[in-house]
Amino acid sequence: MKILYAASEALPYISTGGLADVVGSLPQAVLGALGRRADVRVVIPLYPSIRDKFAEQLELVTEINVRLAWRNQYCGIWKIYSQGVTFYFIDNLFYFDRRTLYGNFDDGERFAFFSKCILELMSAVNFYPDILHANDWQTALAVIYLKRKYSHLDEYRGIRALFTIHNIDYQGIYDFGILGDIFELPEWDRNVVEYNGCINLLKGAVVCADMVNTVSNTYSREILTEFFSSGLHHILRQADAEGRLTGIVNGIDVDYYSAEKDPDIDQNFTADDLSGKAVNKAALQRYAGFAENPTVPIVAMVSRLAAHKGFDLVKHVLEEIINENDVQFVLLGTGEDAFEKYFIYLAQKYPNKICVKLEFNKVLSKKIYAGADMFLMPSKSEPCGLSQMIASRYGTVPIVRECGGLADTIRAYNEFTGEGNGFSFANYNAHDMKNVIVYALNMYKDSLKWNHLVKNVMNTDFSWNVSAKKYIEIYENLL
Ligand code: GLC
């Protein structure tokens, strides 16, 4: 089986979020499960930081020109071969040499170009996959182009497309004025991408793809409702009725995120010997400027500071929690200005109890995962969520709201049976969240029970083993 994954980011090359984790680890997992029967490749843009950091590994494959409407642009194709998977990088400085990956005025054009290159790459390197597995709106046009522009060509006719939605909130919405001029779509394809009077690229991919999935089962049901769908529930219900919508929960790279092996944390440890976790905790307390006290629990968040990550709730009750309980709170992340300012203010007000770092810092994030006791993730919606799984790998107990992938990966702890791998609450309500945090803080005082819970958490299987097989099942069904 030949599979081409297409996305706007992939680890270890470039990452702004969970998408990169998935695109950097699912292909290897699929290859591992299929063995010799598979040829697995990935394509992403060549951002300047990749060129800098991976210069020695990058190998030029070929150079072509790619047309997009009246444009005719250079397209260099580079590659790196890593653990059995070929990663292709699309080189064009005009489109990809920018300060940020997204948020440029011409993102629509940039990723339309990238999507066109994905299809042209197939003939340029003579690799026509059985499956094109595209991800999120940035590669939605690759699916649309495949079905609307290329499928009359012999080599492309047999290619089946799976489109994965990692977050329905980002759809690629544009004015109809650029349908032909930028997206190179004729008037008769207007209805393919039309939604609510605009071009909606995600909608177009949902309509065109042979199969669509989201990154957890619960989320694939949630997005059929208005509350979660960002307006697209009608389209998704249609796809669901046609049997084209499913959900597969993400795994994580359990070798990379491993308390036992991670070189970035202060001391490695295992579920059977948690003594090393105490060393990480003490280091985190020193770093945060807190009292170095093993009996005071640390609640941590590593997250984009966005409302839908639940920061409304946190903002509402964090002071109460801090004042009424013996607890320390650490927050790492960047995001909405109002939240950044508020949490900086709180950190200054409670320097001994609240530590806030406004950065995107992978190494520090792992020190926090390893040093904290509880990991808070009260999302309003969460397609899958990776941090709750990552935290678990370091024995830090997740406290989550029961939605999307959080509901599919975390089962609430039952103090009477000892079952479960975290704490959870159902309603998007600040005091419901506070109550469950306080419950967890009380549970923490019983070190026998707590250590048992930490073991459960660390022993939960978050590898790709099960989910990679589910993807393979989809690929096989499509063929
Ligand atoms: C997006 C989603 C997140 C998911 C990730 C990887 O970032 O918001 O929930 O885990 O994609 O699929």
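Model, not experiment: these values are computed from the prediction. Counting begins at 1 with the first residue of the sequence. Both counts, for ligands and for their atoms, begin at 1 and track the order of listing.
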Got a sec, which pairs hit salt bridge (Lys or Arg N to Asp or Glu O under 4.0 Å) with one end in residues 195-208, sequence neighbours left out?
none
Partner of F89 under ring-ring contact (aromatic ring centres under 6.0 Å, His included), chosen from Y13, F54, F114, W78
Y13
Assign the ring pair H316 / H431 to parallel, tilted or perpendicular, where the plane angle (0 to 90°) is split at 30° and 60°.
perpendicular
Check whether the ring centres of Y170 and W137 lie less than 6.0 Å apart, and answer yes or no.
no
List the protein residues in contact with ligand 1, where contact means a heavy-atom separation under 4.0 angstrom.
G18, L19, V22, H166, N167, V215, N250, E382, P383, C384, G385, L386
Does R160 come within less than 4.0 Å of D130, counting only side-chain N to carboxylate O?
no
Relative to the ring of Y345, is the ring of Y342 parallel (under 30°), tilted (30 to 60°) or perpendicular (over 60°)?
tilted
